[in-house]
Amino acid sequence: MATEITDTADAVIIGAGFAGMYALHRLRDEFGYSIRVFDRADDVGGTWYWNTYPGARCDVESVFYSYSFSEELEQEWTWTERYPTQPEILAYANHVADKFDLRRSITFETSVAEATFDESNNRWLVTTDRGETVTATYLITAVGCLSEARIPDFEGIESFGGRILHTGHWPRDGVDFDGLRVAVIGTGSSGIQAIPEIARDAKTLNVFQRTPHFALPAGNRPLATEEIDEVKANYRRYRAICKVSPSGVPIVPPIGSVLSLPDDVGRAEMNRRWENGGTMFMTAFTDTSRNEDANAVLASFVRERIRDIVADPDTAESLTPHGYPIGAKRICLGTDYYATYNRDNVSLVDVRDNPIERITERGIVAGGNEYELDVIIFATGYDAMTGALTAIDIRGVNGLRLRDEWAAGPRTYLGIASAQFPNMFMITGPGSPSVLVNVIVSIEQHVDWMCDLLSHAEKQGISRIEADLDAQNAWVLEVNDVASRTMFVKANSWYLGANVPGKARVFMPYAGGIGPFRERCDKVAAEGYTGFTLT
Ligand code: N01
């Protein structure tokens, strides 16, 4: 039986987070395309819609974690804190949706289940879980890099008599922890933000830690009016810096090689940056991201701070990261994170050597002890970068399935296209810098570059845009090569898929920085979209 088509569009966009919203705005309002956007949430915001856990905040400074495409938007929105809270970012997303009238093109509470490329007419056939079937010239995935939440497959989990939560799917009406015995499993960015907040309210908090992460003080604070005014007056200059910088934010320049500087000078700089808070601690020196001896200096400074802050020496030792370079796992920013372990109601359960054995009706069993609990919070992360894409049954030419093609690791050209999946574009796909940089700068670059390509295709009467296999193979090699020269490959992390049992161990993001990536993409465009076949 022929599939009944319920709608026809120029493009289907999957996801109404920051990537989907910007792609919608450009393609609908500038190109005049007919667009259907689908999102499983009941409103815009993507990651910032779902991550409403206590303490959720971005670790990119607010004034730079924002769109640059509209000067009017820049001037009318005023951030209140150095690092924006989740409610403030979501309010910003809502403001953008209102201002550009985005919601009328978005179908909420609807997931895309399948997308199949039809070679007979070079169109995608997109099916939702609500029974819609839309054909579109282009399929644009804006599904987020950290949106497929993961709960490890612990034995007995279904028998737990209390409440189970994941930081990435937090209840919208909040959770009252007053008087409750709570566990947090996981001490990555989400856990490190949530733990101090939950500790203030819960009766007891047990933190189950497998690998200690390096946490730096965020140094969050309200923004002064003069600071806001200065940024607003100079936004064009700041945005230009963000666009060409490696990480998508203006950086405080390094002062030199830590191995060459006198010890007291290096130490003073680390102290200064630690006190100031934020990730600029990581860029204090020129050599710490490539040279392990230099990196060890930075790491041992943080280890000393942990010992200074945490009163109990055994707990301090358990919280101290060893065995991998600082920055190899995503650096975390916290507020009172280490000091939280000095509270009487907080205990660290080190499950590195004694993993969680099972979950029972009453709680968690680890190291032969049963911890009785009312709530278990999984801060256990995501099937990152690929999980949300492979969850959709995407089929390219000859019915090839994306999830099969990527079984040994994702394969893309420039993180934006994949051979044999014509007319499909991934915003912040694997192979792009996205998660290693200010993601909004990355999103704008991807969407703008894709828009230029679509405009070129339209002018040339091209109906099929496909990445070449050779170009893709070369890009995959380059992504791996760039990563192999960094510290990122020296730890288990979600960048490598290491947090998902059975997932191929491949470094997924492009570690060369957004500035160099932009140059590379611009060169491809200037040379007539080399590495693509346009027919
Ligand atoms: O997830 P994670 P996340 N038993 O994967 C542990 C972004 N983000 O949600 O390290 C016991 O980092 C796991 O242990 P280990 C940011 O990019 C940004 O915290 O694998 N423990 C780890 O401790 C970030 O990197 C912001 O040994 C288990 C934790 O769970 C990304 O999202 C805020 C386990 C997972 O850490 C993901 O962060 C929040 C098991 N079986 C998130 N399985 C900001 O902008 C996993 N773990 C500030």
Side-chain angles (χ1 to χ4, degrees), residues 46-48 50-62 64-65 82-86 89 144-155 157 165-170 183-195 197 206-216 218 220 249 277-279 319 321-324 327-335 337 348-359 364-367 376-385 387 428 434-440 442 488 491-501 503 508-509:
T47 288
W48 300 106
W50 294 105
N51 279 264
T52 58
Y53 63 83
R57 225 179 247 285
C58 184
D59 58 9
V60 174
E61 296 195 26
S62 57
F64 305 120
Y65 192 80
R82 180 181 181 194
Y83 293 105
T85 60
Q86 173 275 332
I89 303 171
C145 297
L146 295 152
S147 45
E148 202 63 16
R150 240 200 102 248
I151 292 189
D153 194 12
F154 290 121
E155 183 196 321
I157 194 163
L165 302 168
H166 189 286
T167 48
H169 277 284
W170 204 256
V184 171
I185 304 177
T187 52
S189 299
S190 304
I192 280 171
Q193 288 185 329
I195 285 162
E197 298 288 326
N206 285 301
V207 178
F208 290 77
Q209 173 195 266
R210 185 165 68 182
T211 313
H213 290 223
F214 287 95
L216 309 176
N220 188 45
V249 289
T279 49
L319 285 165
H322 291 288
Y324 68 91
K329 276 171 166 298
R330 169 70 132 69
I331 200 74
C332 301
L333 293 191
T335 299
Y337 175 63
L348 184 69
V349 184
D350 192 335
V351 293
R352 190 172 9 195
D353 298 325
N354 298 299
I356 293 171
E357 291 158 39
R358 62 184 181 281
I359 293 177
I364 296 175
V365 179
I376 301 176
I377 298 167
F378 287 89
T380 44
Y382 300 85
D383 183 352
M385 302 213 77
T428 71
S434 54
V435 291
L436 298 179
V437 307
N438 178 350
V439 77
I440 299 200
S442 213
F488 289 125
N492 288 325
S493 73
W494 58 260
Y495 297 141
L496 279 154
N499 63 325
V500 179
K503 187 167 175 173
M508 293 181 285

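Only a predicted model underlies this, so the values are computations on that prediction, with no experimental measurement involved. Ligands are counted one by one from 1 in listed order, and the atoms in each one are counted from 1 as well.
Ile195 places a side-chain heavy atom less than 4.5 Å from the side chain of Thr187. Residues Lys329 and Thr211 are in side-chain contact: their nearest non-hydrogen atoms beyond the backbone lie under 4.5 Å apart.
The one candidate from Gln86, Gln193, His169 that meets the side chain to side chain contact (heavy atoms under 4.5 Å, CB included) condition with Tyr53 is Gln193.
If you look at ligand 1, the protein residues with a non-hydrogen atom under 4.0 Å away are Tyr53, Arg57, Cys58, Asp59, Leu146, Pro152, Phe154, Ile185, Gly186, Thr187, Gly188, Ser189, Ser190, Gln193, Arg210, Thr211, His213, Lys329, Arg330, Ala379, Thr380, Gly381, Tyr382, Trp494.
Taking CZ from Phe154 and CD1 from Ile359, the interatomic distance works out to 6.0 Å, rounded to the nearest 0.5 Å.
With sequence neighbours excluded, the residues that form a side chain to side chain donor-acceptor pair (under 3.5 Å) with Glu197 are Arg200.
Under the 3.5 Å distance criterion, the side-chain polar atoms of His213 are left unmatched by any main-chain donor or acceptor of Leu319.
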